[in-house]
Amino acid sequence: MKKQAGLWSWFGWLFALCIVLVPGIAALAQSNEDAARAFALAAPFILFIFVAGLAFYVYHSLALQTIATKTNAENPWLAWIPIANIILMLNIAKKPLWWIILFLIPLANIVVAVIVWMEIAKARGKPDWWGIMVVVPIMNLIMPGYLAWAD
């Protein structure tokens, strides 16, 4: 997700997992038959991770686009572009654009994400403590949808 701004890192981790997992399974195999069995066992796992990541990406993008539309932010379609969705979140939260640099600094990005989501919650007319939910597991999946589609 990510946090939501860190969705790009989710895909990076998924890609790295696939790069490490597939050759590792092939290296453990002793023959072509073992390699075929290993790939047959790994393929559903890799496919599940990919589909789950893609579903989360679509959900988050739809939620962010809906939030942008409801807050009258410019270019709500930026929700679908990695990195540009951070710019959209900063526009919704009315924060300076240079804060995008803070999203690239480890640990600082967590604090900045909480601050930005608190401002997004305020922009939607919800209590600002909803922004803290971005660091709570499972709630960080529910929170964008709540801010987007709850009245």
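Worth knowing before you read on, the calculation uses all heavy atoms, side chains too, and leaves out hydrogens, waters and symmetry mates. Residue indices begin at 1 and follow the sequence shown.
- In terms of modelled atom types and a separation under 3.5 Å, the side chain of K70 and the main chain of R124 share no donor-acceptor contact.
- The distance from the OG1 atom of T69 to the CG atom of N75 is 10.5 Å, given to the nearest 0.5 Å.
- By the criterion of side-chain heavy atoms lying less than 4.5 angstrom apart, applied directly or through intervening Ile, Leu, Val, Met, Phe, Trp or Tyr residues, L104 is not grouped with I81; the two fall into different hydrophobic clusters.
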Determine, step by step, whether Q65 and W80 satisfy the side-chain hydrogen bond (donor to acceptor under 3.5 Å, both in side chains) criterion, reporting the C-alpha distance in whole Å, the side-chain angles of both residues, the deciding distance to 0.1 Å, and the verdict.
-> CA-CA 8 Å; Q65 185 176 16; W80 294 93; 2.7 Å; yes

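- Minimum heavy-atom separation, P144 to A63: O-CB, 3.7 Å.
- In this structure, the side chains of M143 and W117 come closer than 4.5 Å at one or more pairs of heavy atoms.
- The CD1 atom of I132 lies 10.5 Å from the CD1 atom of I115; values are rounded to the nearest 0.5 Å.
- For W99, there are no side chain to side chain donor-acceptor pair (under 3.5 Å) partners, not counting sequence neighbours.
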For side chain to side chain contact (heavy atoms under 4.5 Å, CB included), just list the numbers for W98 and L102, CA-CA rounded to whole Å, side-chain angles, deciding distance to a tenth of an Å, and then say yes or no.
-> CA-CA 8 Å; W98 66 266; L102 298 175; 3.9 Å; yes

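- Side-chain contact between I100 and I87: present, with at least one pair of heavy atoms (C-beta onward) separated by less than 4.5 Å.
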Could you walk me through whether L90 and F103 pass the side chain to side chain contact (heavy atoms under 4.5 Å, CB included) check?
-> CA-CA 11 Å; L90 291 172; F103 274 98; 4.1 Å; yes

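- To the nearest 0.5 Å, atoms CD1 (I86) and CG (L64) are separated by 10.5 Å.
- The salt bridge (Lys or Arg N to Asp or Glu O under 4.0 Å) pairs that include a residue from residues 71-97 number zero, where partners must be two or more places apart or lie in different chains.
- With sequence neighbours excluded, the residues forming a salt bridge (Lys or Arg N to Asp or Glu O under 4.0 Å) with K122 are E119, listed by chain and number.
- Using a 4.5 Å heavy-atom threshold, the side chains of I120 and M89 count as touching.
- Shown here for A73 and P76, the closest heavy-atom pair between the two residues is O-CD, 3.8 Å.
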Go through the steps for W149 and L62 under the test side chain to side chain contact (heavy atoms under 4.5 Å, CB included), then give the verdict.
-> CA-CA 10 Å; W149 295 296; L62 281 172; 4.2 Å; yes

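- Remark: the backbone N or O of A79 is paired with a side-chain donor or acceptor of S61 at under 3.5 angstrom.
- Between I92 and L88, the closest side-chain pair of non-hydrogen atoms falls below 4.5 Å.
- N91 places none of its side-chain heavy atoms less than 4.5 Å from the side chain of T71.
- At distances below 3.5 Å, at least one donor-acceptor pair connects side-chain atoms of Y59 with backbone N or O atoms of L141.
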